[in-house]
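So the structure is just underneath, and the comments pick up after that.
Just so it is clear, the model here is predicted, and its values are computed rather than measured.
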Amino acid sequence: TFLVFALIFFTVYFHLKGESRLVFSLVASNIFYGWWDYRFLTLIWISTLTDYFVALKLERLSEQGLRKKYLTLSIFINLGILGIFKYFDFFISSFSNLLSTAGLNASLPLLKLTLPIGISFYTFQTMSYTIDVYRGKCETEKDLLRFATYVSLFPQLVAGPIVRAKSLLPQLKYDHDVDWQRIAGAMEMIAWGFFLKLCLADTLAMEVGSKFNNPAGFGALSHLLSAVFFSFQIYGDFAGYSLIAIGLGRVMGFDFGVNFNRPYFSKSFSEFWQRWHISLSSWLRDYLYIPLGGNRKGTLITVRNLVIIMFLGGLWHGAAWNFIIWGMLHGVYLVMQNIIKNYVAPVIVRWGYVKEFLPALSIVVVFFLTVIAWIFFRANNVSSAWDIITIIFTGKNIYSNVALNKFVFLKGIFFILITLAVDLLSMNERVMNYY
């Protein structure tokens with residue numbers, strides 16, 4: 001279905017100019033999203049119209065108190081919609097469980113709403129526009145057609161990357177002609193994205209799903225390998241989709257930036273978050289971490305800010321406690337990294353023979369701890385994640401059921417090695433210059 005859509009879209013897109021191209025892009029993007037459930041287009045348009053008119057008002061107002069009220073209105077509407085559809089039932093059920101623990105049996109009603117696809121992405125995208133206009137870092141877009149096209153542009157609408165208005169809106173102000181060299185590079189990105197999604201992620205999913213769904217049926221080595229497999233599965237899923245989206249944007253003539261940059265070669269957790277889901281981590285940094293004080297107000301405030309940001313980062317990924325624990329674990333990792341950097345590293349670097357192996361050792365440690373955190377992300381619930389971690393660290397039935405299907409298992413390892421080789425080669429300056 002998508003290939004038919006893309007063929008029709010790009011054939012028509014490059015035959016149009018100016019406003020007609022924007023109209024066609026907007027209509028096609030709405031059809032793309034509405035194909036799943038047209039009713040949820042209402043939510044996109046509420047966010048679009050809210051932030052469009054609030055930004056116009058912010059430009060006209062000079063009184064800071066009124067400007068802050070309009071910004072608050074925008075944030076309230078956007079987060080209100082997101083909260084109702086994504087988080088309302090989670091918080092209500094968690095509160096009910098808390099009451100039950102205290103001996104108060106309260107049956108609180110749940111909304112049981114369907115979660116709209118991509119709501120977190122376009123909500124953060126429109127909010128960043130309004131906040132940037134408020135801060136004076138982005139020009140107000142007076143053309144509703146152009147702004148609506150920016151919000152709903154189909155390549156990155158469903159799962160990102162989160163493209164800032166100050167980056168994409170200027171690119172929508174002029175037509176992009178057919179550029180075969182750019183399109184060839186974009187098709188290479190799309191092809192690699194499809195490899196990551198279809199070959200790497202979908203192959204690994206066959207082994208991962210069965211083991212995470214039945215923790216007691218497998219031993220320590222099996223679960224450890226499954227956790228490693230999931231680390232590459234989610235990388236293949238997410239980075240693969242991002243590459244397809246960025247490549248489609250390039251075919252259209254747009255630059256969406258980079259969303260993944262070889263994250264499993266990171267030497268620290270701060271570096272990991274500069275390489276993993278870059279559009280989200282930079283959003284959290286610019287709109288939450290820095291306004292909270294960042295690392296400028298002492299150690300305790302820095303620790304507080306890191307924990308808050310990673311808590312919200314976990315919650316952003318899903319309304320469940322296992323996602324929150326995953327985020328909090330990364331918060332702990334970042335805090336521990338700062339302690340090691342300030343107090344332990346200065347001592348270690350004096351040992352010359354250790355210093356030589358430190359970069360490689362750092363990559364291994366960061367990857368291993370990241371794998372452990374991914375167990376909470378993938379597990380069906382917190383209890384299941386804890387069972388898997390307990391089995392791994394106690395070495396229970398260590399060699400039991402390592403591979404359900406040897407062919408799929410070996411194929412998964414083969415695709416992981418290909419992925420690592422490509423990422424490693426692309427870090428080489430000579431290879432980058434060649435391409």
(message) I want to know whether Trp35 and Phe5 have ring centres closer than 6.0 Å.
(response) no

(request) Please answer whether the main-chain N or O of Pro215 pairs with a side-chain N or O of His223 as donor and acceptor at a distance below 3.5 Å. (result) yes

(request) For a ring-ring contact (aromatic ring centres under 6.0 Å, His included) with Trp374, tell me which candidate from Phe212, Phe368, Trp276 qualifies. (result) Trp276

(request) Would you please classify the geometry between the Phe147 ring and the Tyr129 ring as parallel, tilted or perpendicular, with 30° and 60° separating the classes? (result) tilted

(message) Checking the side chain of Gln125 only, and the main-chain atoms of Tyr150 only, is there a donor and an acceptor separated by less than 3.5 Å?
(response) yes

(message) Using a 3.5 Å distance criterion without hydrogens, assess whether the side chain of Ser282 forms a donor-acceptor pair with backbone atoms of Ser279.
(response) yes

(request) For the pair Thr123 (side chain) and Ser120 (backbone), establish whether a donor and an acceptor sit closer than 3.5 Å, ignoring hydrogens and angles. (result) no

(message) If I take atom OH from residue Tyr87 and atom CG from residue Leu79, how far apart are they, to the nearest 0.5 angstrom?
(response) 9.5 Å

(message) I'd like to check Leu168 versus Arg164 (side-chain heavy atoms, cut-off strictly below 4.5 Å). Are they in contact?
(response) no

(request) Return the minimal non-hydrogen interatomic distance between Pro116 and Leu43, and the atom names on each side. (result) CG-CD1, 3.6 Å

(request) Would you give the length of the straight line joining atom CG of Leu224 to atom CD1 of Ile398, rounded to the nearest 0.5 angstrom? (result) 9.0 Å

(message) Could you check whether Asp423 and Tyr235, counting side-chain N and O atoms only, form a donor-acceptor pair closer than 3.5 Å?
(response) yes

(request) Specify the closest pair of heavy atoms between Leu284 and Gly313, including all atoms of both residues, with the distance to one decimal. (result) CD1-CA, 4.0 Å

(message) What I want to check is whether the side chains of Ser242 and Asn259 have a donor and an acceptor closer together than 3.5 Å.
(response) yes

(message) Taking Leu26's backbone N and O only, do any of them form a donor-acceptor pair with Ser29's side chain (distance below 3.5 Å, no angle check)?
(response) no

(message) So Ile375 and Phe230, do their side chains get closer than 4.5 Å, heavy atoms only?
(response) no

(message) Side chains of Asn381 and Asn322 only: does a donor on one sit below 3.5 Å from an acceptor on the other?
(response) no

(request) Specify whether Phe260 and His277 have parallel, tilted or perpendicular ring planes, treating 30° as the upper limit for parallel and 60° as the lower limit for perpendicular. (result) parallel

(request) Verify, without hydrogens or angle tests, whether Gln337 (side chain) and Ser270 (backbone) share a donor-acceptor contact under 3.5 angstrom. (result) yes

(request) Please report the closest heavy-atom contact between Tyr241 and Pro155, naming both atoms and the distance. (result) OH-O, 3.4 Å

(request) Please round to the nearest 0.5 Å and tell me the distance separating atom CD of Gln233 and atom CZ of Arg378. (result) 6.5 Å

(request) Kindly assign one of parallel, tilted or perpendicular to the pair His330 and Tyr333, based on the angle between their ring planes and the thresholds 30° and 60°. (result) perpendicular

(request) Kindly give the heavy-atom pair with the smallest separation between Val251 and Ala186, and that separation in Å. (result) CG2-CB, 3.7 Å

(message) Does any part of the side chain of Leu7, heavy atoms only, come nearer than 4.5 Å to the side chain of Val4, both counted from C-beta?
(response) no

(message) Would you say that Ile372 contacts Phe393 through its side chain, given a criterion of any heavy-atom pair below 4.5 Å between the two side chains?
(response) yes

(message) Could you report the tightest heavy-atom contact between Arg275 and Glu271, atom names first, then the distance?
(response) NE-OE2, 2.9 Å

(message) If I take atom CE from residue Met206 and atom CG from residue Asn405, how far apart are they, to the nearest 0.5 angstrom?
(response) 8.5 Å

(message) Using side-chain heavy atoms (C-beta onward) and a distance below 4.5 Å, is Ile190 in contact with Leu243?
(response) no

(request) Would you indicate whether Trp192, at its atom CH2, is surrounded by more than 12 heavy atoms from other residues, nucleotides or ligands within a distance under 6.0 Å? (result) yes

(message) Let me confirm one number: the CD1-CD1 distance from Ile413 to Ile418, rounded to the nearest 0.5 Å.
(response) 12.5 Å

(message) With a 6.0 Å cut-off on the ring centroids, do Phe154 and Tyr33 count as close?
(response) no

(message) Side chains of Asn78 and Tyr122 only: does a donor on one sit below 3.5 Å from an acceptor on the other?
(response) no

(request) Report yes or no: does Asp237 contribute a side-chain atom to a donor-acceptor pair with the main-chain N or O of Ala201 at less than 3.5 Å? (result) no

(message) Distance check, rounded to the nearest 0.5 Å: Ile75 atom CD1 versus Asp51 atom CG?
(response) 9.5 Å

(request) Look at Asp202 together with Lys197 and state whether they make a salt bridge at an N to O cut-off of under 4.0 Å. (result) yes

(request) Kindly say whether Phe90 contributes a backbone atom to a donor-acceptor pair with the side chain of Ser94 at under 3.5 angstrom? (result) yes

(request) Could you check if a side-chain atom of Leu312 sits within less than 4.5 angstrom of a side-chain atom of Leu288, using non-hydrogen atoms only? (result) yes

(request) Ignoring hydrogens and angles, tell me if any N or O in the side chain of Ser231 forms a donor-acceptor pair with the backbone of Ala227 under 3.5 Å. (result) yes

(message) If you count every heavy atom of other residues, nucleotides or ligands that lies below 6.0 Å from Phe414 atom CZ, does the total exceed 12?
(response) no

(message) Does either side chain, that of Thr302 or that of Lys297, offer a donor lying less than 3.5 Å from an acceptor on the other one?
(response) no

(request) Ignoring hydrogens and angles, tell me if any N or O in the side chain of His176 forms a donor-acceptor pair with the backbone of Gln171 under 3.5 Å. (result) yes

(request) Check whether the ring centres of Phe32 and Trp36 lie less than 6.0 Å apart, and answer yes or no. (result) no

(request) Would you name the heavy atoms of Leu200 and Gly236 that are closest together and state the gap between them? (result) CD2-CA, 3.9 Å

(request) Would you confirm whether the ring centroid of Phe415 sits within less than 6.0 angstrom of the ring centroid of Phe195? (result) yes

(message) Tell me if the centroids of the rings in Phe323 and Phe376 come within less than 6.0 Å of each other.
(response) no

(request) Indicate whether the side chain of Gln274 and that of Ser281 have a donor and an acceptor atom separated by less than 3.5 Å. (result) no

